[in-house]
There are 2 protein chains.
Amino acid sequence: MKRGAKPPIRLAREQRFGDILRAARKVFCEKGYDQAAVAEIAARLGVVEGTVYKYFDSKRELLHKVLEHWYEEMLGDYARDLAAVVGARARLRLLVWRHLRSVREHPQLCRLMFREVRAEQDYRGSRVHAMNRRYTQFLIEVLRDGVAAGEFRAEIPHALVRDMIYGGIEHHAWNHLCGRGDLDIDRIADRIAAVVCDGLAARAPAADLHLETEKLARIAARIERSLPQHRARK
Amino acid sequence: MKRGAKPPIRLAREQRFGDILRAARKVFCEKGYDQAAVAEIAARLGVVEGTVYKYFDSKRELLHKVLEHWYEEMLGDYARDLAAVVGARARLRLLVWRHLRSVREHPQLCRLMFREVRAEQDYRGSRVHAMNRRYTQFLIEVLRDGVAAGEFRAEIPHALVRDMIYGGIEHHAWNHLCGRGDLDIDRIADRIAAVVCDGLAARAPAADLHLETEKLARIAARIERSLPQHRARK
DNA sequence: CCGGATGGATGAGTCGCACTCATCGGCAGA
DNA sequence: TCTGCCGATGAGTGCGACTCATCCATCCGG
């Protein structure tokens, strides 16, 4: 140490660990992964670069830990909130809405997740991947329950619906976030739920439905008329 | 130049440009953007790093040019292929299928597109972005035509459906590609078209309604035939 | 009160890689 | 044969991730 320099501040291991994690989150969010320098993260805490590497093996591990911590935050009260809603469609909409809210609140963390982590070669098998699976598992369960309740068709593969929902949100939100417009998450959630549940195809028009119903009514009337009791009574 | 060294091979500007582009595409695909060294791209052509920078301002510009070139390849015969198919649903499925094929054939280029380019701050306004818009515009037009033909509902926002399709394919294919499984693009295209068109909700499609009505009519006829009065009357 | 062990923190490195620039020298046109 | 053009060179420069030998405050047993 140089003469006249203050002695370094020594902190307990866990305290320093948490401090670095918080500082890293801020810097990564402000600058993005590539532009964030480990030296800057260290500087904000008044320590040198080497100190960070005492706690994290690499810049990437630091990023992973930041995102793991975020997932823990998010997973917190999912199950509880979901339990308060009845009906597969309403629960599906809730999951979509909550995800949209996360994207809106933490666009930079989402960006890190999508760009840096999920595209990595060894993402599969990582802790973040496991947490992402837990996160999306809620949706799979909602779909399964929906099928069990007869609300959803059984022949649609759940993994595909999950990917269309989360992938769709990602694309859609990205446009909005980069375009600097803010997300109307209520409306988007409604629309996504509408597309997923009802699809794009034009329904049988109400007229057809009426027609068929009237046909059925005439058939019923015919049967009634031909019943013995019917004639006997009259 | 050192004594005894061979004089450098001089090529016409366009020739060298194309060579660098091709070499860059290979190296980027093999190693990914970060791991690809400009020096290696140069080395494969037997030139030095500086030469590459005579033709491209930066490594990122090189990446952009590689992807622009790819988009040109893909856009080539889209319109023609699409014109050969009738029916909004069938055309939608064609677009999904073709996109899946692109992803399957060039997973590394997709990866570069998603990870490196689309997540960039200044992606919007770039040439690649414009080409991506042209690419996805085909789908928007199919949706619009579908609405005009009465095949699709008018109240569904097209941009959202576009994002759910392309985002969904991205997510779904990613799982498969990283999981080393290969894509059954025919089946996936069918399923995506099914979800998008018909949705998840259980319901009786119009065709089924007709069918059921006819069944009931036949049952009614059978009842009528077996009734004593019926026989008596005849 | 003392001396060694512990372990948090240091800071001066190394290394790899994107990017630059002064310079070279083959070749086409005068 | 001269000359200017321009493709190519290769020795830098700078930056940022990562390393390592070393320092020293604190704790603990004697």
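Quick note on labels: first sequence line is chain A, next is B, and so on, each numbered from 1. Because the structure is predicted, anything quoted here is derived from the model rather than measured.
- Within residues 11-21 of chain B, the residues approaching DNA chain D are B:L11, B:R13, B:R16, by heavy-atom distance under 4.0 Å.
- Residue B:I9 contributes atom CD1, which lies 16 Å from atom C1' of C:dC27 at whole-angstrom precision.
- Using cut-offs of 30° and 60° on the angle between ring planes, the pair B:Y123 and B:H129 is perpendicular.
- Proximity of residues 27-50 of chain A to DNA chain D (heavy atom under 4.0 angstrom from any strand atom) is restricted to A:A36, A:A37, A:V38, A:E49.
- For the pair A:L62 CG and D:dA17 C1', the interatomic distance rounds to 12 Å; values are reported in whole Å.
- Ring planes of A:Y135 and A:H99: tilted class, angle from 30 to 60°.
- OP1 and OP2 of C:dA9 both lie 4.0 Å or more from every side-chain N or O belonging to A:K54.
- Using a 3.5 Å distance cut-off with no hydrogens or angles, the side chains of B:H106 and B:E73 do not pair a donor with an acceptor.
- Put simply, CZ on A:F56 is 18 Å from C1' on D:dT19, counting in whole angstrom units.
- Ring geometry, B:F138 versus B:Y78: the interplanar angle falls from 30° to 60°, so the pair is classed tilted.
- Contact annotation: B:T51 does not reach the phosphate of D:dG7 (side-chain N/O to OP1 or OP2, under 4.0 Å).
- In this structure, CG in A:L109 is found 6.5 Å from CG in A:L67, a value given to the nearest 0.5 Å.
- The NZ atom of A:K59 sits 8 Å away from the C1' atom of D:dG16 (whole-angstrom rounding).
- Partners of A:R16 according to the salt bridge (Lys or Arg N to Asp or Glu O under 4.0 Å) rule, which considers only residues two or more places apart in sequence or in another chain, do not exist here.
- Atom CZ of A:R10 is separated from atom P of C:dG8 by 7 Å (rounded to the nearest Å).
- A:Y33 carries A:K59 over the face of its six-membered ring, with the cationic atom under 6.0 Å from the centre and within 45° of the normal.
- Interatomic distance, CD1 of A:I165 versus CD of A:E170, reported as 14.0 Å (0.5 Å rounding).
- Regarding B:Y53, its OH atom lies at a distance of 16 Å from the C1' atom of D:dA8, rounded to whole Å.
- No hydrogens or angles considered: a donor-acceptor pair under 3.5 Å links the side chains of B:H64 and B:E120.
- A:Y55 comes within 4.0 angstrom of sugar-phosphate atoms only, judged by non-hydrogen atoms across all strands, and of no base.
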